[in-house]
Amino acid sequence: DSGESEDLEQAIAAQRRALALTPDNHPSKPTRLFNLGISLQRRFDHARTQENLDAALECFMAATSQSLGDPSRRLHYAEHAVRFLAETTEFISPESLILAHQRILDVLPEIVWLGHSVQQRFDESSRTGRLVNSAVCDALGSSALEQAVEWLEAGRALIWSQITSMRTPLDN
């Protein structure tokens with residue numbers, strides 16, 4: 001497996017070089033950050049150290065915060081970060097999980113778009129409900145009660161805005 005470890009380290013080094021050459025406002029930066037995070041996550045899987053976890057998580061979180069990135073990809077990256085953290089509870093603080101959920105909730109308003117078809121908006125509303133519920137449960141589990149209430153209210157507002165936009169007027 002030393003060959004595999006060497007290959008992984010070479011891939012990480014190449015990804016870091018590519019990322020260093022990518023301007024901050026480049027549309028590929030979030031994807032490059034995420035891909036580096038995946039490689040660092042693999043390194044963490046082989047050598048479960050706090051340093052390896054932190055490096056992977058830093059990339060995932062940076063990928064979610066790139067405002068020029070595609071919102072659906074940023075949402076995917078944030079969901080991945082939450083799953084990664086949920087699998088590594090012995091290494092993380094509750095604040096890390098809360099921050100990852102916050103990234104999901106930050107991007108949701110960009111995803112739930114009124115210009116989509118009614119079916120797509122319905123599907124997005126359902127997904128929004130699941131994501132908000134997960135965030136609220138983790139906030140409650142971390143004793144972040146104010147955060148849980150804030151997220152519950154934000155999710156309720158998003159879903160109600162979708163529901164009211166799907167109503168058809170009676171005079172049509």
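Side-chain polar atoms of S28 and T31 form no donor-acceptor pair below 3.5 angstrom.
Here the closest heavy-atom approach between residue C59 and residue L40 is recorded as SG-CD1, 3.7 Å. In this structure, S39 and I12 approach most closely via the heavy-atom pair CB-CG1, 3.7 Å.
In this structure, the side chain to side chain contact (heavy atoms under 4.5 Å, CB included) partners of L140, at least two apart in sequence or on a different chain, are V136, L145, A148. Remark: Q10 pairs with no residue by the side chain to side chain donor-acceptor pair (under 3.5 Å) rule, at least two apart or across chains. Judged as a side chain to side chain contact (heavy atoms under 4.5 Å, CB included), and not counting sequence neighbours, the contacts of R127 are L75, E79, R130, L131. Partners of T128 by side chain to side chain donor-acceptor pair (under 3.5 Å), not counting sequence neighbours: none found. By the side chain to side chain donor-acceptor pair (under 3.5 Å) test, N25 pairs with no residue at all, sequence neighbours left out. Annotation: ring pair (Phe, Tyr, Trp, His ring centres under 6.0 Å) contacts of H46 (sequence neighbours excluded): none.
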Review item, side-chain donor-acceptor pairs of residues 50-58, under 3.5 Å, at least two apart:
{"from": "Q50", "atom 1": "NE2", "to": "D54", "atom 2": "OD1", "distance (Å)": "2.9"}
{"from": "Q50", "atom 1": "NE2", "to": "F91", "atom 2": "O", "distance (Å)": "3.1"}
{"from": "N52", "atom 1": "OD1", "to": "R43", "atom 2": "NE", "distance (Å)": "3.1"}
{"from": "N52", "atom 1": "ND2", "to": "A47", "atom 2": "O", "distance (Å)": "2.8"}
{"from": "N52", "atom 1": "ND2", "to": "T49", "atom 2": "OG1", "distance (Å)": "3.2"}

Please tabulate, for the side chains in residues 16-23, all donor-acceptor contacts under 3.5 angstrom to protein atoms that are two or more places apart in sequence or on a different chain.
{"from": "T22", "atom 1": "OG1", "to": "A18", "atom 2": "O", "distance (Å)": "2.7"}
{"from": "T22", "atom 1": "OG1", "to": "R32", "atom 2": "NH1", "distance (Å)": "2.6"}

Atom pairs and distances, donor-acceptor, side-chain atoms in residues 81-90, under 3.5 Å, two or more places apart:
{"from": "T88", "atom 1": "OG1", "to": "F84", "atom 2": "O", "distance (Å)": "3.0"}
{"from": "T88", "atom 1": "OG1", "to": "L85", "atom 2": "O", "distance (Å)": "3.3"}
{"from": "E90", "atom 1": "OE2", "to": "R48", "atom 2": "NH2", "distance (Å)": "2.8"}

Under 3.5 Å, which donor-acceptor pairs link side chains of residues 97-109 to any protein atom two or more places apart or in another chain?
{"from": "H101", "atom 1": "NE2", "to": "D138", "atom 2": "OD2", "distance (Å)": "2.6"}
{"from": "Q102", "atom 1": "OE1", "to": "Q147", "atom 2": "NE2", "distance (Å)": "3.2"}
{"from": "Q102", "atom 1": "OE1", "to": "W151", "atom 2": "NE1", "distance (Å)": "2.8"}
{"from": "Q102", "atom 1": "NE2", "to": "D106", "atom 2": "OD1", "distance (Å)": "2.7"}
{"from": "R103", "atom 1": "NH1", "to": "M61", "atom 2": "O", "distance (Å)": "2.6"}
{"from": "R103", "atom 1": "NH1", "to": "T64", "atom 2": "OG1", "distance (Å)": "3.0"}

task = Could you walk me through whether D7 and E4 pass side chain to side chain contact (heavy atoms under 4.5 Å, CB included), step by step?
result = CA-CA 5 Å; D7 290 344; E4 184 178 319; 5.5 Å; no
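The CD atom of E9 sits 7.0 Å away from atom OG of S5, with the distance rounded to the nearest 0.5 Å.
Residue pairs meeting the salt bridge (Lys or Arg N to Asp or Glu O under 4.0 Å) criterion with at least one partner in residues 61-73, sequence neighbours excluded, do not occur; the list is empty. The list of salt bridge (Lys or Arg N to Asp or Glu O under 4.0 Å) pairs with a residue in residues 150-159, not counting sequence neighbours, reads E153-R156.
Checked against a 6.0 Å centroid threshold, the rings of F34 and Y77 count as neighbours.
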